[in-house]
Amino acid sequence: MEQCAYIGLGSNIGDRELKLLMAVAELGKLPQTRVTAVSPFYETEPVGGVPQGNFYNAAVRLNTELAPLELLERLKKLETEVFHRVPSERWGARSMDLDILLYGELVFDGAELAIPHPRLAERRFVLQPLSDIAPDLVHPILGKRIIELLTELTSPEKVVRI
Ligand SMILES: Nc1nc2c(c(=O)[nH]1)N=C(CO)CN2
């Protein structure tokens with residue numbers, strides 16, 4: 001069955017805009033998957049305490065027949081094979097980070113994957129682009145719309161639309 005999945009994209013190494021554009025193109029090539037919305041791109045201050053360069057972040061909506069773990073496998077494969085991502089410290093710099101943010105109404109907590117993304121509601125760099133393409137989507141655990149979660153954020157991190 002086709003499901004609506006939302007993917008968070010982030011890069012802070014190399015040509016960040018080009019990498020986000022490439023990532024959107026690669027997502028569109030996944031089997032049984034269409035890209036049905038792309039958010040604006042944002043330049044965002046790094047979150048997590050590791051000193052590093054600003055990120056570019058965006059969000060994409062996919063209509064996909066891939067199961068969550070299949071989709072995760074495909075995203076990991078893109079990160080390593082297309083974007084040559086190397087293992088780095090937690091919160092550290094990365095060539096391309098592709099996270100499943102939401103997958104339909106699914107709530108899932110497994111060893112290698114949690115959906116919705118556990119830190120989605122705390123991160124302006126995720127909620128801002130997500131609210132551009134899905135403001136009225138309801139978080140299946142918190143029961144609040146994405147736009148509400150964004151308005152309730154108090155963290156001061158800067159996100160600038162490019
Ligand atoms: N602004 C911003 N900060 C981050 C990001 C990111 O994508 N954007 N990703 C991280 C590693 O998961 C750590 N910090």
Side-chain angles (χ1 to χ4, degrees), residues 4-28 30 35 37-62 68-69 71-103 106-135 137 139-142 146-162:
C4 228
Y6 290 85
I7 310 298
L9 288 63
S11 169
N12 74 340
I13 297 179
D15 186 334
R16 300 162 297 170
E17 181 175 13
L18 179 63
K19 285 191 178 165
L20 289 194
L21 290 168
M22 281 172 59
V24 174
E26 291 294 332
L27 290 171
L30 295 181
V35 172
V38 181
S39 77
F41 293 176
Y42 289 86
E43 182 167 19
T44 68
E45 286 180 336
V47 170
V50 178
Q52 58 184 314
N54 284 354
F55 281 78
Y56 272 30
N57 286 109
V60 167
R61 183 174 67 220
L62 302 180
L69 286 169
L71 181 58
L72 178 70
E73 283 292 299
R74 296 282 180 170
L75 299 182
K76 296 279 158 249
K77 210 165 141 171
L78 288 180
E79 287 177 348
T80 52
E81 292 181 7
V82 177
F83 296 101
H84 312 293
R85 177 167 161 181
V86 288
S88 77
E89 58 183 325
R90 194 162 191 220
W91 312 120
R94 45 208 64 202
S95 169
M96 178 57 62
D97 202 8
L98 298 169
D99 288 329
I100 303 176
L101 303 174
L102 295 154
Y103 185 99
L106 179 70
V107 176
F108 177 80
D109 199 352
E112 44 177 339
L113 177 66
I115 299 175
H117 191 286
R119 289 170 297 280
L120 180 159
E122 301 152 21
R123 292 177 156 183
R124 194 177 297 278
F125 70 78
V126 174
L127 288 176
Q128 178 60 64
L130 191 55
S131 78
D132 291 322
I133 57 174
L137 194 73
H139 189 292
I141 298 174
L142 303 175
I146 298 301
I147 190 72
E148 290 176 80
L149 295 172
L150 179 63
T151 339
E152 286 170 10
L153 264 192
T154 52
S155 63
E157 31 157 342
K158 252 210 235 148
V159 306
V160 178
R161 188 170 163 164
I162 64 153

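Along the sequence shown, residues are numbered consecutively beginning with 1. Every number for a ligand or one of its atoms is a count from 1 in the order of the listing. Model, not experiment: these values are computed from the prediction.
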K.L.:
Nearest heavy-atom pair of Pro140 and Leu106: which atoms, and what distance?
P.N.:
CG-O, 4.0 Å
K.L.:
Taking all atoms of both residues into account, what is the closest heavy-atom pair of Gly10 and Leu20, and its distance?
P.N.:
N-CD2, 4.3 Å
K.L.:
Examine the side chains of Tyr56 and Glu43 and answer whether a donor and an acceptor come within less than 3.5 Å of each other.
P.N.:
no
K.L.:
Looking only at heavy atoms, which two atoms of Arg94 and Asn12 are closest? And how far apart?
P.N.:
N-OD1, 2.8 Å
K.L.:
If we count only N and O atoms by modelled type, under 3.5 Å, do the side chains of Tyr42 and Asp132 hold a donor and an acceptor together?
P.N.:
yes
K.L.:
Using a 4.0 Å cut-off on heavy atoms, what residues surround ligand 1? Order them by chain and number.
P.N.:
Thr44, Glu45, Pro46, Val47, Phe55, Asn57, Trp91, Arg94, Asp97, Phe125
K.L.:
Looking only at side-chain N and O atoms, does Ser95 offer a donor or acceptor that is under 3.5 Å from a partner on Lys19?
P.N.:
yes
